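The next block holds one structure in the form of structure tokens; read it before the comments.
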Number of protein chains: 2
Amino acid sequence: MKPTIKDIADKAGVSIATVSRVLASKGDSYSKKTGRKVLKIAKEMGYRKNNTAVELVKKKGNVIAVIINATPTNFSTQIIDGIQKQANSLGQHVIILYAGNRSPELQHQAILTALERAISGILLVAIEPDQEDMKLLEGAGTPFCFVSLYLEQNNILAVSSNNRDVAYQATNYLIGHGHKKIGLAGIDQYHTGSQRIDGYRLAMKEHQLDVEDDWIKLGDYSYASGLKLLGDFLSTRVTGIVAASDMVAAGLLNAAQQKGIQLPDQLSIISIDGTVICQIATPALTSVTQDFYTIGVESVNKVMGKKAPLFIPTHITKRSSVAEI
Amino acid sequence: MKPTIKDIADKAGVSIATVSRVLASKGDSYSKKTGRKVLKIAKEMGYRKNNTAVELVKKKGNVIAVIINATPTNFSTQIIDGIQKQANSLGQHVIILYAGNRSPELQHQAILTALERAISGILLVAIEPDQEDMKLLEGAGTPFCFVSLYLEQNNILAVSSNNRDVAYQATNYLIGHGHKKIGLAGIDQYHTGSQRIDGYRLAMKEHQLDVEDDWIKLGDYSYASGLKLLGDFLSTRVTGIVAASDMVAAGLLNAAQQKGIQLPDQLSIISIDGTVICQIATPALTSVTQDFYTIGVESVNKVMGKKAPLFIPTHITKRSSVAEI
DNA sequence: ATGAAAGCGCTAACAG
DNA sequence: CTGTTAGCGCTTTCAT
């Protein structure tokens, strides 16, 4: 079977405590000589530390659990990149738990799985928690932080773009290009969605522009959602649309082209996210670009108890999907 | 602190052994009455099983570790969906370890992390192992299976599309549409890449078509790769290209359009993967479509010791990026 | 049906 | 600098 520190200790003629110290590089609590010997033997025997045991005794692991759902969007890679990078530099490992496709059970299950082991923190990426989830999380005594989602509760950690501002910027950009009838497409009906509605309405209001009810269309951030929603906009005479994600924008755009609508001249689209999808689409999508990498980095800081901002700045990336009217 | 079985035992007036049995639903080794009482108290106290301890004593966990790298492609979601689904139905949890962007150290690190705990199996998704990795894996005694990658070694578990056949099909499709000068773009220089070259060459050979050296261009499956590679094809006079991934195809396609090349009339592209990217691109990309979900499902079966196929069938999805010549 | 006790592999006082 | 020892929370014989 796999060798343990006991095997190494026997072979090296020292106690398990010494082996433990060497393997943990505990400062100068052992002689260089013993150190070398133990290390050598450990290597020979193909020793592999059993972290399960370590965690059991330390009661705090060095792993951060990241829970993500299969959002039909594709920004998670960048967030995870940032998380991984920062976690590494803090000596933490990262494990990712997959919460399925916004399925409440799987989401619950993932949180449970995370809680059922010694973990230094939980990062919930774009997860909209239900009451059960919150109870679980708060009752566990493990720090947790929402990522790319802001619950608007001060006592709950979060790192995100400011969705209100994101939608405000996007809407203003369209207004700045002369648009007056502007739609908002593909947002969800929870926190992120309603924050974006707020920003959108605020921008419209500040320019004395009315908003008609059917200019706001809910969806799930997916390409399919965008594809479908375009049809629903046909009767509204909007000239510009703020899309809730790059995927929604791409769907909108392709559906429009299938209907023979000229882009961006007959319809302008500004997308939220700014991933590579914006370049793949034709015409390339102008976007409010989020800094997902930094969101990842700062969320690690925050969950590890360092200070970190709540909101990470965004910026507009001009491409070719918005026309002057 | 978090309650343990001891706390429950005390409160219930039974031994920890009994609590353990109840919590593990060990058949009829306890009375219904005690069962109910224990369960009730456990719930009241907000008891959460410490899986670390369970794994330590059982020496086998119920979690499958999935190692993925940030391939610039986007098929992993589907694979993971399949893995998760099947793992669940076998009573296994899934944790995902992120191996960075084909960085050898991170990849190594991820494998180590997986090995350093009690795990029932390791799934390596699109991971090209180096010698170190293989030594680690083989020395560990934990079952492992390569996913979406075939090392061509019989003793090593794998579930994948048949890359040779994939490229063969793609090339034949182009040939069937009258193309004679056909390129292969964006493949890697390892197993998957060389398997695809084989299939490509075979198809060309079977039709007495010569292959010039500069018709085969290496890359890394990314959009950027495709973008760049188009330039390299300009001098070759190929009329059709087999792209190594949807992302490469999208890059090729957009670069071509920027150069004013008419698609598909002046250049046909067939892509390998068949993800949603094929629909987002304009014109929509004809693809050899892989069944990633099934690949995920079967890889779980295989790593858990059930019998499962090595190759999962693919099929061609006709869209609009290939023209008859 | 239930309890006592022996660990799983490791760390962390506490002695020396 | 190093060894001894007492657990971490749980499962699992072995008795009863």
Side-chain angles (χ1 to χ4, degrees), chain A residues 1-39 41-42 45-63 91 115-120 140-142, chain B residues 1-39 41-42 45-63 112 115-120 140-142:
Chain A
M1 247 2 279
K2 284 191 186 178
T4 71
I5 51 171
K6 180 155 190 319
D7 301 319
I8 299 180
D10 289 349
K11 203 154 197 165
V14 298
S15 75
I16 60 164
T18 300
V19 176
S20 172
R21 287 179 188 117
V22 173
L23 262 25
S25 313
K26 274 275 191 290
D28 36 36
S29 54
Y30 54 87
S31 76
K32 286 237 175 293
K33 186 151 156 289
T34 346
R36 273 195 303 276
K37 182 164 63 177
V38 168
L39 250 21
I41 295 183
M45 304 181 75
Y47 173 77
R48 197 75 47 221
K49 179 179 283 202
N50 183 336
N51 255 318
T52 306
V54 177
E55 281 165 17
L56 179 57
V57 53
K58 294 224 210 171
K59 312 185 84 190
K60 258 291 163 266
N62 60 324
V63 3
L115 257 25
E116 276 179 359
R117 56 197 64 230
I119 271 201
S120 44
T142 303
Chain B
M1 245 0 280
K2 284 190 188 178
T4 69
I5 52 169
K6 179 156 188 321
D7 301 320
I8 299 179
D10 289 349
K11 202 153 198 164
V14 297
S15 74
I16 59 165
T18 301
V19 176
S20 172
R21 287 177 189 122
V22 173
L23 261 27
S25 312
K26 275 275 191 289
D28 36 34
S29 53
Y30 55 87
S31 76
K32 287 238 175 292
K33 187 151 156 285
T34 4
R36 273 196 303 275
K37 182 164 61 179
V38 168
L39 251 20
I41 295 183
M45 305 182 74
Y47 172 77
R48 198 74 48 221
K49 179 178 284 200
N50 182 336
N51 255 318
T52 307
V54 176
E55 281 165 18
L56 180 56
V57 52
K58 292 223 214 169
K59 314 184 84 189
K60 257 289 165 268
N62 58 179
V63 3
L112 268 176
L115 257 25
E116 276 177 1
R117 58 196 62 234
I119 270 199
S120 45
T142 303

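Since the structure is predicted, the reported quantities are computational estimates derived from the model, not experimental observations. Chain letters run A, B, ... following the sequence lines, proteins first, then strands; residues in each count from 1.
At a threshold of 4.0 angstrom between heavy atoms, the contacts of Thr4(B) are confined to the sugar-phosphate backbone, with no base atom among them. Using a 4.0 Å heavy-atom distance criterion, Lys6(B) is classed as making no nucleic acid contact.
A residue-by-residue look at Ala53(B) and Ala17(B) shows that Ala17(B) has its nearest nucleotide of DNA chain C further toward the 5' end. Residue-to-nucleotide proximity on DNA chain C shows that, of Ser29(B) and Lys2(A), the 5′-proximal contact is made by Ser29(B).
Between its two ends, the helix from dA1(C)-dT16(D) to dG16(C)-dC1(D) turns its axis by 40°, counting five pairs per end and rounding to 10 degrees.
A distance of 10.5 Å separates OG in Ser20(B) from OH in Tyr30(B), rounded to the nearest 0.5 Å.
As rounded to whole Å, 9 Å separates atom C1' of dG7(D) from atom CG of Leu56(A). Whole-Å rounding puts the Lys37(A) NZ to dT2(D) C1' distance at 12 Å. Between the P atom of dC8(C) and the CG atom of Asn51(A) lies a distance of 18 Å, rounded to the nearest Å. What separates CG of Leu23(A) from C1' of dC10(C) is a distance of 10 Å, to the nearest Å. Between the P atom of dT16(D) and the OH atom of Tyr30(B) lies a distance of 25 Å, rounded to the nearest Å. When the P atom of dG3(D) is taken as reference, atom CZ of Arg21(A) falls 8 Å away, rounded to whole Å. For Arg36(A) and dC1(D), the CZ to P distance is 13 Å, given to the nearest whole Å. In this structure, Ile16(A) places its CD1 atom 9 Å from P of dT11(C), rounding to the nearest Å.
The nucleotide whose nearest atom lies closest to any side-chain atom of Asn50(A) is, among dC10(C), dT12(D), dT2(D), dC10(C). Each of dT11(C), dG3(D), dG9(C) was ranked by its minimum atom distance to the side chain of Lys58(A); first place goes to dT11(C). Comparing dG3(C), dT11(C), dT11(D) against the side chain of Ile5(B) picks out dT11(D) as the nearest. The side chain of Val14(B) approaches dG3(C) more closely than any other nucleotide in the set dT4(D), dT11(D), dG3(C). Side chain of Thr34(B), nearest nucleotide from dT11(D), dA1(C), dC10(C): dA1(C). Listed candidates were dT2(D), dT2(C), dT11(D). Nearest to the side chain of Thr18(A) is dT2(D).
For dG3(D), one of the phosphate oxygens OP1 or OP2 lies less than 4.0 angstrom from a side-chain nitrogen or oxygen of Ser15(A). An OP1 or OP2 oxygen of dG9(C) is reached within less than 4.0 angstrom by a side-chain nitrogen or oxygen of Lys59(B). For dC1(D), the OP1/OP2 oxygens have no side-chain nitrogen or oxygen of Lys32(A) closer than 4.0 Å. Here Lys49(A) reaches the OP1 or OP2 of dT11(C): one of its side-chain N or O atoms lies under 4.0 Å away. Phosphate contact (OP1/OP2 of dC8(C), side-chain N/O of Lys60(B), threshold under 4.0 Å): absent. The phosphate of dT2(D) has OP1 or OP2 within less than 4.0 Å of a side-chain N or O from Ser31(A).
By the 6.0 Å contact criterion, NZ on Lys2(A) is enclosed, its count of non-hydrogen atoms from other residues, nucleotides or ligands being greater than 12.
The heavy-atom pair separating Ala140(A) from Leu115(A) by the smallest distance is CB-CG, 3.6 Å.
Considering only heavy atoms from C-beta on, Ile5(A) comes within 4.5 Å of Tyr47(A) through its side chain. Side-chain contact between Leu23(B) and Leu39(B) is present, with at least one heavy-atom pair separated by less than 4.5 Å. Two residues are said to be in side-chain contact when any heavy atoms from C-beta on lie closer than 4.5 Å; Thr4(A) and Asn50(A) fail this criterion. The shortest side-chain heavy-atom distance between Glu116(A) and Thr52(B) does not fall under the 4.5 Å cut-off.
In the interface, the side chain of Arg48(A) is not paired with the base of dG9(C) through any donor and acceptor atom under 3.5 Å apart.
The pair Glu55(A)-Arg117(B) meets the salt-bridge criterion, since a charged nitrogen lies less than 4.0 angstrom from a carboxylate oxygen. A salt bridge links Asp10(A) and Lys6(A); the closest N-O separation between the charged side-chain nitrogens and carboxylate oxygens is under 4.0 Å.
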